[in-house]
Asker: 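Here it is: the structure, laid out below.
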There are 2 protein chains.
Amino acid sequence: MHKEHNLTKNQQIIFDLIDKSPEPMKAYSILFNVQKKGIKAPLQVYRALDKLVQIGKIHKIESRNAFIACHNSSCQVAKATAFSICEICEKVTEISSAGLSKYLANFKDKDGMKYSKYNLEFFGLCKKCR
Amino acid sequence: MHKEHNLTKNQQIIFDLIDKSPEPMKAYSILFNVQKKGIKAPLQVYRALDKLVQIGKIHKIESRNAFIACHNSSCQVAKATAFSICEICEKVTEISSAGLSKYLANFKDKDGMKYSKYNLEFFGLCKKCR
DNA sequence: AAGTTAATGTTATAATATAACACTATGTAA
DNA sequence: TTACATAGTGTTATATTATAACATTAACTT
Ligand SMILES: [Zn+2]
Ligand SMILES: [Zn+2]
Ligand SMILES: [Zn+2]
Ligand SMILES: [Zn+2]
């Protein structure tokens with residue numbers, strides 16, 4: 001399957017927090033929540049976030065500057081991400097669609113260029129908010 | 001065609017600057033460049049940027065916190081944007097592909113939900129950097 | 001044991017973005 | 001014309017997001 005990464009203490013603390021959260025978490029909210037566990041400075045948070053993004057355990061929602069745990073077993077590499085975002089309640093869901101990822105992975109632009117990596121964010125209203 | 005928006009002085013100054021720029025511009029770089037024209041404060045820049053994004057004259061590159069002028073006549077509404085980004089030279093190009101926009105506009109997730117708005121950022125190496 | 005790489009802890013600071021408030025311009029309607 | 005509403009401005013202050021720099025420690029290789 002996919003390579004296991006042994007997380008360090010800080011990485012594990014921060015991953016666990018994000019993983020438990022029902023919504024994307026922002027860096028300084030993470031910082032606030034882990035201060036009781038000894039992580040005191042923004043940089044400690046950002047360094048763990050960088051690593052977790054890099055190994056695909058979490059993703060950054062660019063339009064929100066927030067982070068969510070990956071729950072899509074097919075994307076353990078952080079190279080092809082798609083999300084739906086509710087513009088009212090800010091609920092974010094990772095989209096796992098074989099058709100979509102195939103289409104985007106094979107997309108070529110006018111110059112015939114293919115891209116190995118992409119990030120797609122859909123916006124709309126979730127079921128509850130409609 | 002599309003509705004004309006009469007830009008205000010600040011909006012026009014800032015749009016002209018972004019439109020002339022060969023690469024995406026960041027807010028504080030814009031601020032620096034327009035200070036000689038009397039725009040002195042970040043908020044004046046951000047307000048103009050917000051409006052220009054809203055009416056589709058410019059787009060925000062979320063992964064870069066930067067802004068480029070729209071050169072895609074088919075997207076005067078800022079609801080469906082796609083870009084390619086070179087990870088070396090940071091060149092950004094707006095992608096104008098009927099196939100892609102049709103595919104994404106019609107994309108439905110597992111719940112059958114359709115999204116009216118999306119932003120897609122592709123990453124790779126541009127011709128020059130390969 | 002020595003060398004290498006990755007991670008940590010810490011302080012300071014840079015870069016990005018918004019709040020609040022008083023004021024001005026513009027268009028619309030009584 | 002006056003009143004009203006809406007959008008934009010100018011300004012100061014502040015909030016939020018993110019990185020630089022440096023000394024130290026941990027983990028892995030040879
Ligand atoms: Zn994922
Ligand atoms: Zn919702
Ligand atoms: Zn455009
Ligand atoms: Zn390039």
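Quick note on labels: first sequence line is chain A, next is B, and so on, each numbered from 1.
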Asker: Heavy atom of residues 9-17 of chain A under 4.0 Å from DNA chain C: which residues?
Answerer: A:Asn10, A:Gln11

Asker: Roughly how many Å is it from CG in A:Asn65 to C1' in D:dT19, rounded to a whole number?
Answerer: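 Going from A:Asn65 (CG) to D:dT19 (C1'), I get 14 Å.
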
Asker: What I want to find out is whether B:Lys117 reaches A:Glu87 closely enough, with some N-O distance under 4.0 Å, to be called a salt bridge.
Answerer: yes

Asker: Measure NZ/B:Lys40 against C1'/D:dA13 and give the value in whole Å, please.
Answerer: 17 Å

Asker: To the nearest Å, give me how far apart CD (A:Gln44) and P (D:dT17) are.
Answerer: 18 Å

Asker: Expressed in angstrom and rounded to an integer, what is the separation of A:Leu49 atom CG from D:dA18 atom C1'?
Answerer: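 For the pair A:Leu49 CG and D:dA18 C1', the rounded distance is 11 Å.
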
Asker: Hey, which of these two, A:Pro42 or B:Arg64, hits DNA chain C nearer its 5' end, going by closest nucleotide?
Answerer: A:Pro42

Asker: Would you say that B:His59 contacts B:Phe83 through its side chain, given a criterion of any heavy-atom pair below 4.5 Å between the two side chains?
Answerer: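 Sidechains of B:Phe83 and B:His59: in contact.
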
Asker: Side-chain contact test, heavy atoms from C-beta onward, threshold under 4.5 Å: evaluate it for A:Asp109 versus B:Leu100 and give yes or no.
Answerer: no

Asker: Using a 4.0 Å cut-off to any heavy atom of chain B, which nucleotides of DNA chain C are the first and last in contact, reading 5' to 3'?
Answerer: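 Contact span on the strand: C:dT16 to C:dA20.
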
Asker: Look at the side-chain heavy atoms of Ile, Leu, Val, Met, Phe, Trp and Tyr, link any pair under 4.5 Å apart, and say whether A:Leu52 and A:Phe32 land in one connected group.
Answerer: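 No, A:Leu52 and A:Phe32 fall in different hydrophobic clusters.
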
Asker: State, to 0.1 Å, how close B:Leu104 and A:Leu120 come at their nearest heavy-atom pair, and which atoms those are.
Answerer: CD2-CD2, 3.9 Å

Asker: Answer yes if A:Val53 and A:Ile13 sit in the same cluster of Ile, Leu, Val, Met, Phe, Trp and Tyr residues linked by side chain heavy atoms under 4.5 Å apart, and no otherwise.
Answerer: yes

Asker: Can you name the nearest heavy-atom pair linking B:Gly56 to B:Cys70, along with the distance?
Answerer: O-CB, 3.5 Å

Asker: Within this structure, what is the CD1-CD distance for the pair B:Ile58 and B:Gln11, rounded to the nearest 0.5 Å?
Answerer: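 Output value for this atom pair is 10.0 Å.
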
Asker: Roughly how far, to the nearest 0.5 Å, is the NZ atom of B:Lys91 from the OG atom of B:Ser84?
Answerer: 7.5 Å

Asker: Once you build an axis from the first five pairs and another from the last five of the helix from C:dA1-D:dT30 to C:dA30-D:dT1, how far apart in angle are they, to 10 degrees?
Answerer: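 Rounded to the nearest 10 degrees, the bend comes out at 30°.
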
Asker: If every non-hydrogen atom of A:Glu62 is compared with every non-hydrogen atom of A:Glu121, which pair is closest and at what distance?
Answerer: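 Of all heavy-atom pairs spanning A:Glu62 and A:Glu121, the closest is N-OE2, 2.9 Å.
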
Asker: If I take atom CD1 in residue B:Ile39 and atom C1' in nucleotide D:dT11, what distance separates them, rounded to the nearest angstrom?
Answerer: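 One finds 14 Å between C1' of D:dT11 and CD1 of B:Ile39, rounded.
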
Asker: Can you label the angle between the A:Tyr118 ring and the B:Phe122 ring as parallel, tilted or perpendicular, going by 30° and 60°?
Answerer: perpendicular

Asker: Are A:Ile61 and A:Leu31 connected, step by step, through hydrophobic side chains (Ile, Leu, Val, Met, Phe, Trp, Tyr) whose heavy atoms are closer than 4.5 Å?
Answerer: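 No: no chain of side-chain contacts under 4.5 Å links A:Ile61 to A:Leu31.
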
Asker: Are B:Ile95 and A:Phe107 side-chain neighbours, meaning at least one heavy-atom pair lies under 4.5 Å?
Answerer: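 Side-chain contact under 4.5 Å: yes.
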
Asker: Name every donor-acceptor pair, under 3.5 Å, that has one atom in a side chain of residues 41-51 of chain A and the other anywhere in the protein, sequence neighbours excluded.
Answerer:
from, atom 1, to, atom 2, distance (Å)
A:Gln44, OE1, A:Lys40, N, 2.9
A:Gln44, OE1, A:Ala41, N, 2.8

Asker: Taking only heavy atoms on the protein side, list every residue of residues 25-32 of chain B lying under 4.0 Å from any atom of DNA chain C, sorted numerically.
Answerer: B:Lys26, B:Tyr28

Asker: Compare all side-chain heavy atoms of B:Ser21 with those of B:Leu17 and state whether any distance is below 4.5 angstrom.
Answerer: no

Asker: Give the rounded distance in Å between these two atoms: OH of B:Tyr46 and P of D:dA15.
Answerer: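 Those two atoms, OH and P, are 17 Å apart.
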
Asker: What string of B, S and - do you get for nucleotides 21-30 of chain D, 5' to 3', if B is base contact, S is sugar-phosphate-only contact and - is no contact with any protein heavy atom under 4.0 Å?
Answerer: B---------

Asker: Could you report the tightest heavy-atom contact between B:Ile18 and B:Ala69, atom names first, then the distance?
Answerer: CG2-N, 3.5 Å

